[in-house]
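Report on one structure; see the data block that follows.
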Amino acid sequence: MSSKMEPGPDAPSDNNNDDDEKYGGDFKVTPWEVEGEVDYNRLVEKFGTQPITQELLQKVKGMVGEIHPMLKLGYFFSHRDFDWVLDKKDKGENFYLYTGRGPSGMVHMGHVMPWIFTKYLQDKFDAKLLFQLTDDEKFLYGQDRTREEIKKYTYENILDIIAIGFNPKKTRIIVDTKHIQHLYPLATEIAKRITFSTAKAVFGFNNSTNIGMIGFPPVQAAPCFLPSVIEGKNTPVLIPAAIDQDPYWRMTRDVADRMGYYKPAQIHSKFLPGLGMLGKMSSSRPETAIFTTDAPEVVEKKVVSAFTGGQPTVALQRQLGGNALGCPVFWYLRYFFDTEKQSDERLLKCRSGNLLCGECKSDLAKGARPFVAEFQKRREKARDVIPMFMYDGRPLEE
Ligand code: TYM
């Protein structure tokens with residue numbers, strides 16, 4: 001692995017606004033919309049990121065002793081400067097983690113995935129974490145949510161974040177409308193360096209976009225540099241998130257040098273598919289998403305009605321085998337509940353026609369019901385400890 005001193009220039013990523021060119025024609029990935037069957041290799045190329053290599057996995061293993069299954073199985077598949085952050089850590093320079101949530105609804109299992117991974121990084125690298133809730137973004141985007149609704153979801157989402165089990169001494173939650181005074185000085189510095197033309201190219205804004213949305217991206221960029229302000233010295237930051245958030249980081253990396261900060265590093269995940277046919281799990285299609293607050297019988301019902309990669313009849317399934325890789329039930333089991341070995345066996349059995357969809361659904365229901373029940377208990381306990389997690393200028397503990 002090349003051991004870089006400082007993050008170098010990014011590979012060119014095309015910023016034109018032609019959807020077909022930009023998204024590969026048959027799928028679309030923006031911070032607000034994911035549609036179609038995403039070709040992740042193409043995204044690496046289009047967004048100008050780096051694939052996660054075996055060498056990088058071995059570096060992680062060497063440093064912390066274990067590779068998280070989401071890394072090993074390729075759920076986290078791409079990065080920018082993750083290797084650089086690890087090199088810094090190796091040399092004794094700690095990094096911050098930064099991730100977030102747009103509180104537009106209740107939390108589903110897709111959202112939880114990067115957070116579980118973030119907790120692993122926090123535990124293994126003893127890292128401090130800033131967690132941003134972009135309640136402003138979710139009010140500004142679209143027409144349909146009142147500020148009261150967003151406020152309710154912000155509170156509910158905070159319970160989910162705490163339920164993940166982040167270290168309260170090393171984690172601070174930032175709610176944009178509540179803590180804006182800590183972000184605004186940085187956001188204005190960032191905003192001053194970004195033209196409307198760049199914002200249009202990166203985010204696809206047009207003349208009908210409300211000006212709140214046009215002005216929002218620097219607010220999501222600001223926590224990339226806040227650790228340097230908190231620590232009083234230039235501090236590396238690593239952002240674990242699904243790849244839909246990447247346009248924000250491309251923009252932020254562009255201005256970092258000019259502001260005298262390190263470029264924020266990223267590690268990108270794929271999307272957990274919805275239980276419907278294609279696309280990411282999304283709150284806007286609640287029947288295809290398992291929410292952390294779903295009752296056990298609701299989880300069961302969603303799993304039973306899930307789309308699968310199976311054939312229309314049992315006879316055909318036995319004869320032709322199923323399409324596990326195009327099956328959301330398979331991916332759920334792989335990332336959440338199966339061991340790698342179990343998952344590989346499931347893949348073979350499905351493809352050879354020796355496994356019926358009913359069995360996989362039943363395995364998924366068996367895994368998801370207790371997972372959600374346990375998570376709900378942790379959410380309840382979280383109600384009492386919210387103040388410990390909120391950003392208030394207190395230093396985070398070493
Ligand atoms: P939001 O609320 O859309 O998503 C929160 C996190 O979940 C990821 N994500 C998914 N991951 C896997 N499968 C899915 N189906 C899926 N859907 C969403 C997102 O990539 C994200 O990591 N603007 C942001 C909030 C934000 C943020 C950040 C996110 C502010 N600062 C820093 C990541 C990092 C948003 O609306 O996320």
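Order of appearance sets the numbers: ligands from 1, and atoms from 1 within every ligand. Please read all numbers here as calculations on a predicted model, not as lab measurements.
Evaluated for a ring pair (Phe, Tyr, Trp, His ring centres under 6.0 Å) with Trp115, the options Phe131, Phe166, Tyr120 yield exactly one hit, Phe131. The side-chain contact (heavy atoms from CB on, under 4.5 Å) with Gln266 is formed by just one residue from the set Asp246, Asp81, Thr252; it is Asp246.
Any N or O atom pair closer than 3.5 Å counts here, and Gln132 shares at least one such pair with ligand 1. Residue Gly110 places at least one N or O, backbone or side chain, under 3.5 Å from an N or O of ligand 1.
The aromatic rings of Trp249 and Tyr98 sit perpendicular, their planes meeting at an angle over 60°, well past the 30° parallel limit.
The backbone N or O of Ser104 lies less than 3.5 Å from a partner atom in the side chain of Arg145, making a donor-acceptor pair. Judged by distance alone, with hydrogens and angles left aside, the side-chain atoms of Arg378 form a donor-acceptor pair with the main-chain N or O of Ala163 at under 3.5 Å.
For Tyr141, no heavy-atom contact with ligand 1 is shorter than 4.0 Å. Contacts with ligand 1 closer than 4.0 Å are made by side-chain heavy atoms of Gln220 only, the backbone lying farther away. Only the backbone of Lys270 comes within contact range of ligand 1, with a heavy atom under 4.0 Å; no side-chain atom does. Contacts of Thr134 with ligand 1, taken as heavy-atom pairs under 4.0 Å, involve the side chain alone.
Counting atoms of ligand 1 from 1 in the listed order, those under 4.0 Å from a heavy atom of His111 are 4 (O), 5 (C), 7 (O), 17 (N), 18 (C). Set against the non-hydrogen atoms of Ile239, the atoms of ligand 1 under 4.0 Å away are 34 (C). Heavy-atom proximity to Gly102, at under 4.0 Å, picks out these atoms of ligand 1: 1 (P), 2 (O), 25 (C), 35 (C), 36 (O), 37 (O).
In this structure, Gln245 is part of the shell of residues with a heavy atom less than 4.0 angstrom from ligand 1. Ligand 1 has no atom lying under 4.0 Å from any heavy atom of Tyr153. Contact between Tyr335 and ligand 1 is absent, with no heavy atom of the residue lying under 4.0 Å from the ligand.
In this structure, Val202 and Arg250 have side chains that are in contact, with non-hydrogen atoms separated by less than 4.5 Å.
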